[in-house]
Amino acid sequence: MTTQRQSATHRRHERLALGLGEPSPIMAGEGAGPIDRAHLARYTLGSPSLEREILGLFLAQLPLSIEQLRFAVTDREWHVAAHTIKGSARAVGAWQVSQIALEAEQTSGATDEEERERLLARLEEACEHVQSYVEEAFPSEPARPGS
């Protein structure tokens, strides 16, 4: 078995051991979409209002985490911010954001200015796609009379 194949098998077994089930096809790189709704639905029991709330929290926190990346002075600060983004993106099924955050986590963005700017630009673009998708998929509810 090749090292790459062993690694994929190991990740699959880790996910199963953690009760996370099979990796999403999008996470595995077989599709594209800002949010994996099937992944998110597993944690929200298919509740659109809960999905909207969770995605709203994710989108509210994301700019703060990106700013932590932008102003990271040390590799440790850079890695912690990238890891935070990666984890929250994976939780909601934002695989593209997660993948870019993983790349950031594996680089020295605090000392490589060119790489920092490249990753931040890609991350911000991916986040804009998520924001647009959420706005389309979950239009704001009209205000109720008397509210």
Side-chain angles (χ1 to χ4, degrees), residues 4 7-8 10-12 14-147:
Q4 185 177 17
S7 180
H10 179 73
R11 284 192 307 271
R12 181 175 174 267
E14 282 181 334
R15 288 183 60 77
L16 291 171
L18 293 171
L20 298 175
E22 291 294 330
S24 161
I26 292 175
M27 187 173 183
E30 297 174 8
I35 298 292
D36 179 347
R37 294 283 298 272
H39 171 82
L40 186 57
R42 279 185 244 149
Y43 300 102
T44 62
L45 302 175
S47 168
S49 61
L50 186 54
E51 287 180 18
R52 183 183 314 113
E53 183 178 348
I54 288 171
L55 289 169
L57 293 169
F58 171 69
L59 289 170
Q61 184 61 38
L62 204 48
L64 301 172
S65 298
I66 291 173
E67 285 304 301
Q68 288 176 329
L69 271 181
R70 184 174 310 286
F71 294 109
V73 176
T74 66
D75 279 340
R76 173 90 176 122
E77 290 172 351
W78 174 266
H79 291 137
V80 167
H83 185 78
T84 299
I85 294 168
K86 180 185 74 176
S88 60
R90 285 181 176 178
V92 301
W95 305 130
Q96 184 182 21
V97 173
S98 171
Q99 182 60 41
I100 297 166
L102 174 63
E103 290 175 38
E105 187 178 30
Q106 294 172 342
T107 66
S108 179
T111 55
D112 185 342
E113 186 67 32
E114 188 175 309
E115 183 68 0
R116 172 196 293 255
E117 291 307 314
R118 185 186 72 77
L119 286 165
L120 284 168
R122 287 182 58 214
L123 190 56
E124 288 173 336
E125 182 179 347
C127 293
E128 288 173 10
H129 286 135
V130 170
Q131 177 77 39
S132 296
Y133 174 81
V134 170
E135 289 171 1
E136 280 184 34
F138 301 100
S140 297
E141 295 179 6
R144 296 181 207 179
S147 299

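Below, each value reflects all heavy atoms present in this structure, side chains not excepted, and no hydrogens, waters or symmetry copies. Just so we're clear, the structure is a prediction, and the values are computed from it rather than from any experiment.
- By the 4.0 Å N-to-carboxylate-O rule, Arg118 lies close enough to Glu115 to be salt-bridged with it.
- Residues His83 and Val80 are not in side-chain contact: their nearest non-hydrogen atoms beyond the backbone lie 4.5 Å or more apart.
- Atom-to-atom distance recorded for Leu57:CG and Arg52:CZ is 12.5 Å, nearest 0.5 angstrom.
- A distance of 4.0 Å separates CD1 of Ile66 from CG of Leu123, quoted to the nearest 0.5 Å.
- Going from atom CG of Leu69 over to atom NE2 of His79 covers 10.0 Å, rounded to the nearest 0.5 Å.
- Residues Glu77 and Val73 come closest through the heavy atom pair OE1-N, 2.6 Å.
- With hydrogens and angles disregarded, no donor-acceptor distance shorter than 3.5 Å links the side chain of Arg116 to the backbone of Thr111.
- Trp78 is listed as a side-chain neighbour of Thr107, based on a closest heavy-atom distance under 4.5 Å.
- Note: Ile35 CD1 to His129 NE2 = 12.5 Å, rounded to the nearest 0.5 Å.
- In this structure, His39 contributes its side chain and Arg90 its backbone to a donor-acceptor pair below 3.5 Å.
- Between Arg122 and Leu119, some side-chain heavy-atom pair lies under the 4.5 Å cut-off.
- Val130 places a side-chain heavy atom less than 4.5 Å from the side chain of Phe58.
- With rounding to the nearest 0.5 angstrom, the CG atom of Leu55 is 12.0 Å from the CD atom of Glu135.
- Heavy-atom minimum distance, Ala91 versus Leu40: O-CD1, 4.4 Å.
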Starting from the C-alpha separation in whole Å, work towards a yes-or-no answer on side-chain contact (heavy atoms from CB on, under 4.5 Å) for Leu102 and Gln99.
-> CA-CA 5 Å; Leu102 174 63; Gln99 182 60 41; 4.1 Å; yes
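- Rounded to the nearest 0.5 angstrom, Glu103 CD and Ser98 OG are separated by 10.0 Å.
- The minimum heavy-atom distance between Gly46 and Pro48, with the atom names listed, is O-CD, 3.0 Å.
- Of the candidates Ser88, Pro34, Cys127, Val97 forms a side chain to side chain contact (heavy atoms under 4.5 Å, CB included) with just one, namely Cys127.
- Using a 4.5 Å heavy-atom threshold, the side chains of Leu45 and Leu50 count as separate.
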